Participant: 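Here's a structure for you.
It should be emphasised that the depicted structure is a prediction, and the values quoted were computed from it without experimental measurement. Here is how names work: the chains are called A, B, and so on, in the same order as the sequence lines, proteins then strands, and each is numbered from 1.
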Protein chains: 2
Amino acid sequence: MDDDRVFRALADPTRRHLLDRLHERDGRTLTELESELEMTRFGVMKHLKVLEGAGLVVTRRSGREKLHFLNPVPIRLIHDRWIDKYTERRVSALADLKTTLEDAG
Amino acid sequence: MDDDRVFRALADPTRRHLLDRLHERDGRTLTELESELEMTRFGVMKHLKVLEGAGLVVTRRSGREKLHFLNPVPIRLIHDRWIDKYTERRVSALADLKTTLEDAG
DNA sequence: TTGACATGTGACTGTTTAGTCACCTATTAT
DNA sequence: ATAATAGGTGACTAAACAGTCACATGTCAA
């Protein structure tokens, strides 16, 4: 798995949106994902290809359809690069606090 | 904290290297960080500004020096976006396994 | 106060990247 | 068979970005 590909893949808002959709529910086809976006099929296809190349999305063919699944492992590896086990608890608590405060207002 | 700024900031290898250095040891100055890189001071300064704008680096002035510190909270928020508490344990184990296998050769 | 040091700004250039289009292949249903 | 469906390729354009440079401000030591 290539570091650089993962980070570059995550740098685009459309690709992050695709990951959000797959996180919500796995196994979607290109056509289904395309229908939610203000973009041509070719644009979405390119983005999915980038995500797949980065290992953030894995696919399975089923007839003429291609099903897409989220692979969260590269995300965890990013986390582990800058947050070691000793500080994880503290940082996690801070992040939870931040989310709670933002959700509240 | 702006999502997009964080992801774009992480998309560049030089900026990730700077985060690595700060993860190793906090409180470095621009000049110190510059000396390790094959790049002019201006390039490094621009990168640090991007990291600061994303909230990944926080700074403190001390006389004519500017000290840089790593803030890992945005990284944790990325993690939490696609890895919920229920799957965290499993994904974490997979990531550890991957690291172990790669370190072994 | 003079010179060295540490950081900062705005403009410029070459490269990369997002998004589209014309055109193509493979699979399914009738 | 044939028409509709699902996915795929290579070339193109406009916008974004990395990196550099001339020039400038504020701080420290002798």
Participant: Just the rounded figure in Å: distance from P of dT20(D) to CD of E34(B).
Facilitator: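 Distance check: E34(B) CD to dT20(D) P gives 10 Å.
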Participant: Does dG19(D) have OP1 or OP2 under 4.0 Å away from a side-chain N or O of H47(B)?
Facilitator: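 So the side-chain polar atoms of H47(B) do come within 4.0 Å of the phosphate oxygens OP1 or OP2 of dG19(D), strictly under.
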Participant: Between dG19(C), dT9(D), dT20(D), which nucleotide has the shortest distance from any of its atoms to the side chain of K49(A)?
Facilitator: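 Looking only at heavy atoms from C-beta outward on K49(A), the closest nucleotide is dT9(D).
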Participant: Could you state the CG-P distance from L48(B) to dG19(D), rounded to the nearest angstrom?
Facilitator: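 It works out to 12 Å between those atoms.
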Participant: From CG of L30(B) over to P of dC5(C), roughly how many Å is that when rounded to an integer?
Facilitator: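 Roughly 15 Å, once rounded to whole Å.
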Participant: Under 4.0 Å: is that the gap between some side-chain N or O of K66(B) and OP1 or OP2 of dG8(C)?
Facilitator: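 Indeed, a polar side-chain atom of K66(B) lies that close.
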Participant: Distance check needed: dA18(C) P versus L10(A) CG, whole Å only.
Facilitator: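 In whole Å, dA18(C) P lies 12 Å from L10(A) CG.
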Participant: With the side chain of F42(A) defined as its heavy atoms from C-beta on, choose the nearest nucleotide among dT20(D), dA22(C), dA6(D).
Facilitator: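 Nearest nucleotide to the side chain: dA22(C).
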Participant: Is any NZ, NE, NH1 or NH2 atom of the basic residue among D80(A) and K98(B) found under 4.0 Å from an Asp or Glu carboxylate oxygen of the other?
Facilitator: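 Result for this pair is no, no salt bridge flagged.
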Participant: Can you tell me how far C1' of dG7(D) sits from CG of L67(A), to the nearest Å?
Facilitator: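 Going from L67(A) (CG) to dG7(D) (C1'), I get 12 Å.
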Participant: Identify, between D12(B) and R41(A), the residue whose nearest nucleotide on DNA chain D lies closer to the 5' end.
Facilitator: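 It is R41(A) whose nearest nucleotide is closer to the 5' end.
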Participant: OP1 or OP2 of dA18(C) less than 4.0 angstrom from a side-chain nitrogen or oxygen of T14(A), does that happen here?
Facilitator: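 Checking T14(A) against dA18(C): no side-chain N or O falls below 4.0 Å of OP1 or OP2.
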Participant: Please report, rounded to the nearest Å, how far the P atom of dT17(C) is from the CE atom of M39(A).
Facilitator: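 My rounded result for the distance is 16 Å.
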Participant: Do R81(B) and D20(A) have side chains that get closer than 4.5 Å, going by heavy atoms?
Facilitator: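 Counting from C-beta outward, R81(B) and D20(A) do come under 4.5 Å.
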Participant: Mark yes or no for a side-chain to base donor-acceptor pair under 3.5 Å between R64(A) and dT5(D), with no hydrogen or angle criteria applied.
Facilitator: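 Result: at least one qualifying N/O pair found.
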Participant: If you assign S62(A) and R15(A) each to the DNA chain C nucleotide with the nearest heavy atom, which residue ends up on the more 5' nucleotide?
Facilitator: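 The residue mapped nearer the 5' terminus is R15(A).
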Participant: Please say which of E36(A), E32(A), H68(A) ends up in a side chain to side chain donor-acceptor pair (under 3.5 Å) with R21(A).
Facilitator: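 With R21(A) as partner, E36(A), E32(A), H68(A) yield a single side chain to side chain donor-acceptor pair (under 3.5 Å), made by E36(A).
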Participant: Please state how far atom CG in L18(A) lies from atom C1' in dA18(C), giving the value in whole angstrom units.
Facilitator: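 About 13 Å, once rounded to whole Å.
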Participant: For a quick test of reading the model: is some side-chain N or O of T40(A) closer than 4.0 Å to OP1 or OP2 of dG19(C)?
Facilitator: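 T40(A) to dG19(C) OP1/OP2: no side-chain N or O under 4.0 Å.
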Participant: Measure across L56(A) and P74(A) and return the closest heavy-atom pair with its distance rounded to 0.1 Å.
Facilitator: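 Minimum heavy-atom contact is CD2-CB, 3.8 Å.
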Participant: Side chain of R61(A), base of dG7(D): donor and acceptor closer than 3.5 Å?
Facilitator: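 By the distance-only test, no, there is no pair.
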Participant: Check the distance between dA18(C)'s P and R16(A)'s CZ and give it to me in whole angstrom.
Facilitator: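 R16(A) atom CZ is separated from dA18(C) atom P by 12 Å.
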Participant: Which part of the nucleic acid, if any, lies within reach of G63(A) when heavy atoms closer than 4.0 Å are counted: base, sugar-phosphate only, or nothing?
Facilitator: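 Here G63(A) touches the backbone only, sparing every base.
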Participant: Specify the residue among E65(B) and K46(A) whose closest nucleotide of DNA chain C lies further upstream toward the 5′ end.
Facilitator: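 Result of the comparison: E65(B).
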Participant: So, is R8(A) near the phosphate of dT17(C), with a side-chain N or O under 4.0 Å from OP1 or OP2?
Facilitator: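 Yes.
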Participant: Scan M45(A) against the nucleic acid and name what it touches under 4.0 Å (heavy atoms): base, sugar-phosphate only, or nothing.
Facilitator: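 Base contact.
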Participant: Work out which heavy atom in V91(B) is nearest to a heavy atom in P72(A); give both atom names and the distance.
Facilitator: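 Closest heavy-atom pair between V91(B) and P72(A): CG2-CG, 3.6 Å.
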Participant: Is the shortest side-chain heavy-atom distance between T87(B) and R90(B) below 4.5 Å?
Facilitator: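 They are in side-chain contact.
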